[in-house]
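Beneath this line is the structure, given in structure tokens, with notes to follow.
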Amino acid sequence: MGVEALLALQDVGDPLEGRRRTVRRASRLLDVLEDLKIALIDGVLTPDKVRALVKTLGEKRESTGDPILETVLDEIETRAAVELAKLEVNGLAS
């Protein structure tokens, strides 16, 4: 087997890996939203928390091939985008 064939096999990877990465990203978004909620309740929202939301929301999302999971991921991203917009309107996102 040539080097090209080995490199091609590495690029294919595990068919579920994209789904796993997407689910991990959604989990990070939920964690960031939870941190924001706590920070807002405590009155100690920091720019770092807002930047974490912007960064996680900006990460590329891969398709999972599962329409039900895609719907859930869409809802998580929509909630994150709404919270970010609210922070921007209130001048808390910079």
Side-chain angles (χ1 to χ4, degrees):
M1 206 184 273
V3 173
E4 294 84 17
L6 288 173
L7 292 174
L9 283 174
Q10 286 179 336
D11 286 340
V12 171
D14 182 1
L16 295 178
E17 186 57 35
R19 182 181 176 134
R20 286 185 193 111
R21 280 192 299 269
T22 300
V23 169
R24 281 193 300 264
R25 178 181 173 271
S27 181
R28 282 192 309 275
L29 265 175
L30 290 173
D31 289 344
V32 168
L33 287 171
E34 182 69 17
D35 288 347
L36 280 174
K37 178 179 82 172
I38 292 168
L40 286 168
I41 290 170
D42 290 343
V44 291
L45 181 64
T46 64
D48 287 341
K49 293 195 185 303
V50 177
R51 279 192 289 272
L53 177 61
V54 171
K55 178 182 179 253
T56 306
L57 195 53
E59 292 173 356
K60 183 181 176 216
R61 176 173 135 190
E62 296 180 39
S63 176
T64 65
D66 180 342
I68 295 171
L69 180 56
E70 289 292 326
T71 300
V72 171
L73 296 170
D74 288 342
E75 290 176 10
I76 292 169
E77 287 181 358
T78 300
R79 171 49 55 198
V82 166
E83 293 305 321
L84 181 59
K86 290 187 326 190
L87 292 169
E88 288 171 346
V89 165
N90 291 319
L92 298 173
S94 50

Verdict with supporting geometry, Glu70 and Arg61, salt bridge (charged side-chain N to carboxylate O under 4.0 Å, His left out) = CA-CA 10 Å; Glu70 289 292 326; Arg61 176 173 135 190; 2.4 Å; yes
Glu77/Arg25 under side chain to side chain contact (heavy atoms under 4.5 Å, CB included): CA gap, chis, key distance, verdict = CA-CA 10 Å; Glu77 287 181 358; Arg25 178 181 173 271; 2.5 Å; yes
Using the side chain to side chain contact (heavy atoms under 4.5 Å, CB included) rule, take Arg79 and Glu75 through it: C-alpha gap first, then chi angles, then the decisive distance, then the call.
-> CA-CA 6 Å; Arg79 171 49 55 198; Glu75 290 176 10; over 6 Å; no
What's the verdict on salt bridge (charged side-chain N to carboxylate O under 4.0 Å, His left out) for Asp48 and Arg51, showing C-alpha distance, side-chain angles and the deciding distance?
-> CA-CA 5 Å; Asp48 287 341; Arg51 279 192 289 272; 2.4 Å; yes
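Note: Lys60 NZ to Thr22 OG1 = 9.0 Å, rounded to the nearest 0.5 Å.
Side-chain N or O atoms of Ser27 include none that pairs as donor or acceptor with a backbone N or O of Val23 at under 3.5 Å.
Environment of CD1 in Ile68: sparse, with no more than 12 heavy atoms of neighbouring residues, nucleotides or ligands closer than 6.0 Å.
Criterion: ILVMFWY side-chain heavy atoms under 4.5 Å apart, direct or through other members. Under it, Val50 and Leu30 are part of a common hydrophobic cluster. No path of Ile, Leu, Val, Met, Phe, Trp and Tyr side chains, each step under 4.5 Å between heavy atoms, connects Leu57 with Leu73, placing them in separate hydrophobic clusters.
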Tell me which donor-acceptor pairs under 3.5 Å the side chains of residues 32-40 have, and how far apart each pair is, sequence neighbours excluded?
from  : atom 1 : to    : atom 2 : distance (Å)
Glu34 : OE1    : Lys37 : NZ     : 3.4

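At a threshold of 4.5 Å between non-hydrogen side-chain atoms, the residues Leu87 and Leu45 count as touching.
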